[in-house]
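Start at 1 and go down the list; that is how both ligands and their atoms are numbered. Counting begins at 1 with the first residue of the sequence.
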Amino acid sequence: MLLAGAGAAMAARRARAWNREQKIGKAWPIYDRTEEEALLGVLRSGKWGRIDGSRVAEFERQYRELLGAQHCVATANGTSALIAAMNAIDVGPGDEVLLPPYTFVATLNVILLQHALPVFVDSDRATFQMDVKQLAARTTPQTRALVQVHLGGATAGLDTSLKFCRERGIKLVEDACQAHLGEWRGKKVGTLGDCGTFSFQASKNLNSGEGGALVTNDEALFDRAWAFHGNGRARKITSATLSGWEMNGANLRLTEFQGALLLAQMSRLESQSKTRETNAALLTKHLKQIPGVTPQVIDEGCTRNAWHLYMFRYDPAGFAGMTRAQFLKALGAEGVSGSGGYTPLNREPFLARVLESRHYKKIYGDARLRRWREQNQCPQNDRLCEEAVWFTQDMLLGETREMDFIAEAVAKIQKNAGELVKKV
Ligand SMILES: *Cc1c(COP(=O)(O)O)cnc(C)c1O
């Protein structure tokens with residue numbers, strides 16, 4: 001079964017050589033003198049904001065080259081990159097926006113901030129991504145945009161969603177906040193739809209504490225995103241303005257400190273990504289052999305997974321009826337910290353309250369909101385939220401024997417589940 005054969009005996013020895021008191025993976029963030037000097041350089045220059053300095057602009061240039069995108073605007077965080085996207089494609093009251101229910105709350109919040117109507121498209125439990133086969137059933141003449149999330153760093157069904165959106169004039173925003181260097185058929189995710197958004201928040205694979213970026217190949221969209229992120233000031237003044245304010249906007253600018261930090265961190269991204277890929281493949285090889293554990297399926301079009309999250313589905317039936325909560329606790333006792341991941345976003349009480357607000361009633365009317373409540377069912381996602389188990393990207397930066405150790409811990413719990421379930 002698990003780790004069968006001679007290679008397995010070696011893997012088991014490697015796993016035992018790992019000390020369970022040690023943290024699995026690498027302490028995150030990872031930095032050295034490169035980052036220290038980059039930050040001191042900005043400090044001593046006295047040019048701390050992008051309006052005066054050059055680090056953010058240089059980061060935008062390098063990031064867009066890395067991704068193969070024509071344009072990039074850095075933002076204060078991933079949420080603000082999504083807000084800039086919503087405004088650049090002109091999502092507003094009365095518009096409907098499609099999104100998956102299996103995502104971070106920011107994907108939903110940016111739609112609500114525009115007073116647009118979020119419409120959830122159920123998940124595919126195998127891939128953990130949005131089930132693109134269900135797009136048509138959720139689309140109406142009011143559908144303005146789709147926010148497709150490359151969850152955990154992988155993506156699925158992008159050919160279908162791109163074609164679907166193109167045929168109907170729906171804008172496709174790629175929420176690639178977890179998918180730095182992820183690819184779909186050899187092209188970087190974030191560059192395939194109308195625009196893509198990234199997060200550089202502390203937990204993400206590319207980190208400046210807080211930070212974000214929007215990339216696009218559409219110059220008009222870029223102009224609007226650029227203007228929006230700087231209180232509406234245009235890159236090139238094209239119409240009559242009193243003071244250069246071309247449109248409404250906000251201040252979503254990144255600081256020079258973060259720009260310098262990102263330039264340094266970016267030099268580590270490719271090698272870290274390779275380590276995650278190697279370790280994820282190893283984990284999958286081991287975990288696939290354990291009853292009750294089903295690793296995430298990667299769509300054949302996803303030619304590179306950023307592995308922000310390592311995800312699998314847990315089935316109590318393979319573990320003598322042990323609940324997921326009990327399994328996670330047992331795993332923690334073995335020195336491996338896993339998480340149960342997201343709860344169903346479409347069923348959040350705060351969302352129901354927003355849709356009952358006087359603003360939403362005024363914009364959409366009682367009949368549309370009633371229909372929304374009736375249709376707001378994502379049964380596959382409800383199940384996924386109960387069966388998911390996640391490991392974080394920093395764990396995937398460990399050594400081979402640490403991956404062996406994780407697999408051994410899961411196998412051990414599975415083997416002893418009958419006994420354990422009586423104790424926990
Ligand atoms: C992290 C994240 C965001 C938000 O990014 P912040 O930088 O935290 O604002 C949005 N969407 C997804 C899928 C994310 O993982």
### Query
Can you find an N or O of Thr79 that's nearer than 3.5 Å to an N or O of ligand 1?
yes

### Query
Which one of Leu355, Ile111, Val97 satisfies the side-chain contact (heavy atoms from CB on, under 4.5 Å) criterion with Leu117?
Leu355

### Query
With a 4.5 Å heavy-atom cut-off, do His229 and Leu254 have their side chains touching?
no

### Query
To the nearest 0.1 Å, how far is atom 15 (O) of ligand 1 from its closest protein heavy atom, and which atom is that?
Gln178 NE2, 2.8 Å

### Query
Can you name the one residue among Asp159, Thr155, Thr303 that meets side chain to side chain donor-acceptor pair (under 3.5 Å) with Trp184?
Asp159

### Query
What about Asp175: any of its N or O atoms under 3.5 Å from an N or O on ligand 1?
yes

### Message
Between ligand 1 and Ser199, is the shortest N or O to N or O distance under 3.5 Å?
### Response
yes

### Query
Relative to the heavy atoms of Gln201, which atoms of ligand 1 are at a distance of less than 4.0 Å?
7 (O), 8 (O)

### Query
Checking Arg168 against Phe164: charged group under 6.0 Å from the ring centre and within 45 degrees of the axis?
yes

### Task
Check Thr107 against ligand 1 and report side chain, backbone, both or neither, counting heavy atoms closer than 4.0 Å.
side chain

### Query
Is the shortest distance from a Lys or Arg side-chain nitrogen in Arg235 or Glu219 to a carboxylate oxygen in the other one below 4.0 Å?
yes

### Residue Asn77 vicinity, atoms of ligand 1 by number, heavy atom under 4.0 Å
7 (O), 9 (O)

### Heavy-atom nearest neighbour in the protein, as seen from atom 10 (C) of ligand 1, with distance rounded to 0.1 Å
Cys177 SG, 3.6 Å

### Query
Val149 heavy atoms, cut-off 4.0 Å: which ligand 1 atoms fall inside?
13 (C)

### Query
Do the rings of Phe200 and His180 sit parallel, tilted or perpendicular, given the 30° and 60° boundaries?
tilted

#### Entry: Gly78-ligand 1 polar pair, N/O distance under 3.5 Å
yes

### N or O contact, Thr103 vs ligand 1, cut-off under 3.5 Å
no

### Query
Taking the inter-plane angle between the rings of Trp48 and Phe257 on a 0 to 90° scale, is it parallel (under 30°), tilted (30 to 60°) or perpendicular (over 60°)?
tilted

### Message
I want to know if ligand 1 touches Lys204 in the polar sense, i.e. an N/O pair below 3.5 angstrom.
### Response
yes

### Message
Under 4.0 Å between a side-chain nitrogen and a carboxylate oxygen: does that hold for Arg50 and Glu58?
### Response
no

